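These numbers were taken from a predicted model, which means no experiment stands behind them.
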Amino acid sequence: MALLLASRAVRGLRPRCWASAATIFFAPGHRKPSPINPILIPKTLGTLFSAPIGSPGYHLLALRQTLSLASITSFSSSGNPNKEEDEDEKPWNRRSVASKSSWIDLYLPDSLRPYALLARLDKPIGTWLLAWPCFWSITMAAQPGEFPNLKMLALFGCGAVLLRGAGCTVNDLLDRDIDVKVERTKHRPFASGLLTPYQGVGFLGVQLLLGLGILLQLNNYSQILGASSLLLVFSYPLMKRLTFWPQAYLGLTFNWGALLGWAAIKGNLDPAIVLPLYSSGVFWTLVYDTIYAHQDKEDDLKVGVKSTALRFGVLTKNWISGFGIACIGSLFISGFNAELAWPYYLFLTGAAGQLGWQILTVDLSDHSDCNRKFVSNKWFGALVFSGILLGRLAS
């Protein structure tokens, strides 16, 4: 019926009407023809019969409405039918469904984004937690009244970025079968298919090679000590399958810099200073990573991996309170043996307050609050570092 009416309209059009029709149908921005949507045909025909038959407006309307049947289309949720691929379907943007955009999404080329995500460059808190014990140790090893070695601080800062990235790569390679089953980790590069294990191994090699370049700038004693930490780095991901205390093993791994920083400056280890410092970092890790583990406890139960969050259960706050006290006590002993001046103890009091605030106020059933408290540990590290720096300058 519509085609018959269109035929009548075409025969009845004067030549000058064709110019109007061309303007109507082929003006810039008009959508390309696409398959007819049968749901909208009744509406189109209804509009057609609203003009008086035989009038010029009727003829134009007949032609326009008939041709528009071929241009009616349904839009996807992206609102752009001319795109060959929805932006959200591109592999590097799959994570945006579950997380906010970061500088990686905004500034890095598409080919580099998966590797940056694998190294967690969009989440610097892990790098801070790895770097702070190094900075504590380097600053504590400085001569009384002097600033710490800035070159060493820079080297260890870069090393923290590389080692943290290498650790995440190893972790994701070994956990890719688990990550796909956990809500928080299912968008990671291996779990989501952004990268293959072969690509991950190649990226790991690059990170380790760059890390070796940093390690070779240290003294021989530090090179051996630093290389020995790789055993912890590579074996940590397996601990969650073997024990309910993977957080303790992470503490041994993440705080190795407390030993290495001192050795890089002094060429040896002073047990009276570095062992309490190292122990304080291990206890600190047990606090913040147990809080962090409460985000995944439901998924951990489903997939069969272990954590201190599951081990402690409803007694978690009692346990981490004890670890917090041990952390502050160990820092006190280390600073006392290093003969730091009074500013250190002032800042240590502030750090104790920050750690106590985390433990007392964290809602272990709220994933967002657990993450906020976990991230706040960068300020704990900064308070301890400030205390060591000012305590050394004033000593």
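In terms of hydrophobic clustering, with Ile, Leu, Val, Met, Phe, Trp and Tyr side chains grouped at heavy-atom distances under 4.5 Å, Leu118 and Val201 are assigned to a common cluster. A continuous path of Ile, Leu, Val, Met, Phe, Trp and Tyr side chains, each step under 4.5 Å between heavy atoms, connects Leu232 with Leu204, placing both in one hydrophobic cluster. Val303 and Leu301 are not part of a single hydrophobic cluster, where members link through side-chain heavy atoms under 4.5 Å apart. Taking hydrophobic clusters as Ile, Leu, Val, Met, Phe, Trp and Tyr residues chained together by side-chain heavy-atom distances below 4.5 Å, Phe332 does not share a cluster with Trp342. Following chains of ILVMFWY side-chain contacts shorter than 4.5 Å, one can reach Leu210 starting from Leu163, so the two form part of one hydrophobic cluster.
Under the rule for a side-chain contact (heavy atoms from CB on, under 4.5 Å), the partners of Thr196 that lie at least two apart in sequence or sit in another chain are Tyr198, Gln199. Residues satisfying the side-chain hydrogen bond (donor to acceptor under 3.5 Å, both in side chains) criterion with Ser386, sequence neighbours excluded, are absent altogether. The salt bridge (charged side-chain N to carboxylate O under 4.0 Å, His left out) test applied to Arg164 returns no partner, not counting sequence neighbours. Shown here are the side-chain contact (heavy atoms from CB on, under 4.5 Å) partners of Cys134, two or more places apart in sequence or in another chain: Phe156.
Side-chain atoms of Phe312 and Phe244, non-hydrogen and from C-beta on, never get closer than 4.5 Å to each other. Looking at Val170 and Tyr236, their side chains never come closer than 4.5 Å, going by heavy atoms from C-beta outward. You'll find the side chain of Ile224 stays beyond 4.5 Å of the side chain of Asn220, heavy atoms only. At a threshold of 4.5 Å between non-hydrogen side-chain atoms, the residues Leu218 and Leu215 count as touching. No side-chain heavy atom of His367 sits under 4.5 Å from any side-chain heavy atom of Cys370. Using a 4.5 Å heavy-atom cutoff, the side chains of Thr253 and Ser229 are not in contact. Counting heavy atoms from C-beta outward, Leu216 and Gln223 have side chains that approach closer than 4.5 Å.
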Take Trp262 and Ile138, measure what side chain to side chain contact (heavy atoms under 4.5 Å, CB included) needs, and give me the verdict at the end. CA-CA 5 Å; Trp262 181 279; Ile138 292 171; over 6 Å; no
Would you sort out whether Leu208 and Leu212 count as a side chain to side chain contact (heavy atoms under 4.5 Å, CB included), showing the intermediate values? CA-CA 6 Å; Leu208 292 178; Leu212 178 62; over 6 Å; no
Check step by step if side chain to side chain contact (heavy atoms under 4.5 Å, CB included) holds for Val274 and Lys266. CA-CA 12 Å; Val274 298; Lys266 298 291 190 180; over 6 Å; no
Under the side chain to side chain contact (heavy atoms under 4.5 Å, CB included) criterion, do Lys306 and Asp300 qualify, and how do the steps go? CA-CA 7 Å; Lys306 303 175 176 67; Asp300 288 347; over 6 Å; no
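Each of Asn377, Val375, Ile125, Leu355 was checked for a side chain to side chain contact (heavy atoms under 4.5 Å, CB included) with Tyr288, and the lone residue meeting it is Asn377. For the side chain to side chain contact (heavy atoms under 4.5 Å, CB included) test with Trp256, the passing option among Leu130, Leu225, Leu230, Val233 is Leu225; the others fail. Among Phe254, Phe380, Phe374, the single residue meeting the ring pair (Phe, Tyr, Trp, His ring centres under 6.0 Å) criterion with Trp284 is Phe380.
Residue Tyr115 holds its OH atom at 12.0 Å from CG of Leu117, rounded to the nearest 0.5 Å. Between the CG atom of Asn171 and the CG atom of Leu238 there is a distance of 9.5 Å, given to the nearest 0.5 Å. To the nearest 0.5 angstrom, Phe203 atom CZ is 8.5 Å from Leu195 atom CG. To the nearest 0.5 Å, atom CD1 of residue Ile325 and atom OG of residue Ser330 are 11.5 Å apart. Distance check, rounded to the nearest 0.5 Å: OG1 of Thr127 to CG of Leu121 gives 7.0 Å. Rounded to the nearest 0.5 Å, atoms CG (Leu275) and CD1 (Ile333) are 11.5 Å apart.
For Tyr278 against Leu252, the heavy-atom pair with the smallest separation is OH-O, 2.8 Å. Across Tyr344 and Gly335, no two heavy atoms sit closer than the pair CE2-CA, 3.6 Å. The shortest non-hydrogen separation linking Trp136 to Ser280 is CZ3-OG, 4.3 Å. In this structure, Ala351 and Val384 approach most closely via the heavy-atom pair CB-CG2, 3.9 Å. Here the closest non-hydrogen pair linking Arg113 and Leu108 is NE-O, 3.1 Å. Of all non-hydrogen atoms in Ser334 and Leu277, the two that sit nearest each other are OG-CB, 3.5 Å.
Between Lys240 and Asp175 there is a salt bridge, with a side-chain nitrogen of the basic residue lying less than 4.0 Å from a carboxylate oxygen of the acidic one.
In terms of modelled atom types and a separation under 3.5 Å, the side chain of Gln207 and the main chain of Ala166 share a donor-acceptor contact. Within the 3.5 Å criterion, the main-chain N or O of Ala116 finds no donor-acceptor partner in the side chain of Asp122. Put simply, the side chain of Asp289 never gets that close to the backbone of Thr285: no donor and acceptor are under 3.5 Å apart. In this structure, Arg176 contributes its side chain and Leu173 its backbone to a donor-acceptor pair below 3.5 Å. A side-chain donor-acceptor contact under 3.5 Å links Thr169 to the backbone of Gly165. At least one donor-acceptor pair closer than 3.5 Å links the side chain of Lys317 to the backbone N or O of Leu360.
Around CH2 of Trp357, the count of heavy atoms belonging to other residues, nucleotides or ligands within 6.0 Å exceeds 12. Within 6.0 Å of the CH2 atom in Trp245, the count of heavy atoms belonging to other residues, nucleotides or ligands exceeds 12. At most 12 heavy atoms of other shown residues, nucleotides or ligands fall within 6.0 angstrom of atom CD in Glu339.
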Listed pairs under 3.5 Å, donor-acceptor, residues 139-153 side chains, sequence neighbours left out:
residue	atom	partner	partner atom	Å
Thr139	OG1	Phe135	O	2.7
Asn149	OD1	Lys151	N	3.0
Asn149	OD1	Met152	N	3.1

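Between the side chains of Asp296 and Ser307, no donor N or O sits under 3.5 Å from an acceptor N or O.
For residues 354-369, the set of pairs meeting the salt bridge (Lys or Arg N to Asp or Glu O under 4.0 Å) definition, not counting sequence neighbours, comprises Asp369-Arg372, Asp369-Lys373.
A centroid separation of less than 6.0 Å is found between the aromatic rings of Trp128 and Trp132. With ring centers used as reference points, Phe385 lies 6.0 Å or more from Phe347.
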